[in-house]
Amino acid sequence: MTTDTDTDAATSAGALSTPRGTYQVRTFGCQMNVHDSERLTGLLEESGFVAAPDDADARRGEVDVVVFNTCAVRENADKKLYGTLGALRPAKDANPGMQIAVGGCLAQKDRSTIVDRAPWVDVVFGTHNIGALPVLLDRAQHRAEAQVEILESLEVFPSTLPTRRESSYAAWVSISVGCNNTCTFCIVPSLRGKEKDRRPGDILAEVRDVVDTGALEVTLLGQNVNSYGVEFGDRGAFAKLLRSCGDIEDLERVRFTSPHPAMFTDDVIAAMAETDNVMPQLHMPLQSGSDDVLRRMKRSYRSKKFLGILDRVRERIPEAAITTDIIVGFPGETEEDFQRTLDVVEASRFASAFTFQYSIRPGTPAATMEGQVPNEVVQERYERLTALQDRITYEENQKLEGRVVEVLVAEGEGTRDETTHRISGRSRDHRLVHLAVPEGLESADMPRPGDMVTATVTRAAPFYLIADSAREAAPGVSPTREQFSVRRTRSGDAWEAGESGLDAGSSCGTGATAPSGLVTLGMPSLRRP
């Protein structure tokens, strides 16, 4: 007798030796989702699928498997998903063999509702069982019916799954999943579960692995990174982890996101200041400058404590660029509350801020709170806040004019590079830098994604820096090191090998060269030049 499990296993095993078709993975939401999508991609490739060509259009049935990794944080997340699924229905009708899968936070929340609303979907899986995707695809095909599988808790830590990294030069590494906080506006804990911490040795082994395969930069990921260690009883574990990263040879840049102000301790500040490869960048979510609003949000800190953290960080790391998250229009927010937010923003001098208009998320305590703020009031406050922060960002950028910066060249950062003849990347403090190359530079000498370029900031723009110092040298005179110099790196070598279709080494568990593509570390960019 053949069981369903036997059939699933046999089908998956056969897929390894026979090409199964093409795939696309589409990601909505946070960095955790981006990293989960790297794992979904790795799982699909291990199962025999190959990435669809860049110009393949799923709406025309040109992709065999389309996977949506969803977000449930914002109000329009479900509208965006169902609109996108609707656009695929004609392709599915024309090509019944095409498979559509929906995973991530919205899948965890809506479950079988997704199939009820979009019966042409083949697979729905949650945040706790992304590793089941290949088997669920096989099962849906074998049974000719949709498969919905949602687990209530994590069975296998996702980092044990095969991963197809988006970048050869920068990598995400999860240190924990889930969250123990109870913020009244946030649905994440109910979808991602309680915090689960990886053991330090496992994390450091993965960091060494990605460095060995070419990465120069690693971002440590967690819903609340500075609570790392609470599960195994070591409240100083995160600071120790940062210091241990400093001992990893060839790891040049370490970042992390996101911490929580209530649990941010001085040992972490000391580790940042005293560990050379931990970058002078900190994302510290404020959410509101009003203590009354913070209390209703169940954010267990107040504005005075928040500002004190920033003061201590800047005392030890004067060049630190600090970014934040702010919610406008939380239920009950008065004009006085909002003014306090403006006051804290003015005092904080954030390098940038990710600002959001509050939206009701069913299932959160804030959804049923009294005092929901009218949309037109929220919009007006939002515009005032963004105008203030845009001014501060520009002023802080102007302070960097004339400063020498080291830029990790990246793909996808500059949308007008071909027009402006500049290349783009991130400085040590994570600011976006567009920089010129010397006139007549041979193509063989051009910096590659993953290489390091030293240049001088010549002009600040509201949301990025311009470093055109390479063009300041007199005709026929080579630029000085501060004007323009390139350090070719292992990461650049790995990127070049990938572009050439050569095997430059394992891509962190996939056994293949990492593809080139857009990678934005830290927080996602809100504006493009």
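None of the values given here were measured: they were computed from a predicted structure.
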Check side chain to side chain contact (heavy atoms under 4.5 Å, CB included) between [X] and all other residues, then give those that pass, not counting sequence neighbours.
X      : answer
Ser491 : Tyr169, Leu216, Thr489
Ser300 : His260, Ala262
Arg384 : Glu335, Phe338, Leu342, Glu380, Arg381
Ala58  : Gln24, Arg26, Val63, Val66, Leu88, Met98

With sequence neighbours left out, the residues meeting side chain to side chain donor-acceptor pair (under 3.5 Å) with Thr27 are Ser37

Can you name the residues that form a side chain to side chain donor-acceptor pair (under 3.5 Å) with Glu383, not counting sequence neighbours?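 Result, side chain to side chain donor-acceptor pair (under 3.5 Å) vs Glu383: Gln379.
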
With [X] via salt bridge (charged side-chain N to carboxylate O under 4.0 Å, His left out) - residues at least two apart:
X      : answer
Glu195 : none
Arg299 : none
Arg448 : Asp451, Asp493, Glu496

Contacts satisfying salt bridge (Lys or Arg N to Asp or Glu O under 4.0 Å) that involve residues 57-73 (not counting sequence neighbours) are Asp57-Arg59, Asp57-Arg60, Arg60-Glu62

Residue pairs meeting salt bridge (Lys or Arg N to Asp or Glu O under 4.0 Å), one or both in residues 101-118, sequence neighbours left out, come to Arg111-Glu152

(message) Less than 6.0 angstrom separating the ring centers of Phe463 and Tyr394, yes or no?
(response)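 Between Tyr394 and Phe463, which both carry aromatic rings, the centre distance is not below 6.0 Å.
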
Is a salt bridge present between Asp202 and Arg199, judged by a nitrogen-to-oxygen distance below 4.0 Å?
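Salt bridge absent between Asp202 and Arg199.
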
Checklist entry - Is the closest basic N to carboxylate O distance between Glu206 and Arg198 below 4.0 Å? => result yes

Note to self: Show me the pairs that pass side chain to side chain donor-acceptor pair (under 3.5 Å) and involve residues 86-106, at least two apart or across chains.
What the structure shows: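 Side chain to side chain donor-acceptor pair (under 3.5 Å) check on residues 86-106 returns Lys92-Asp122.
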
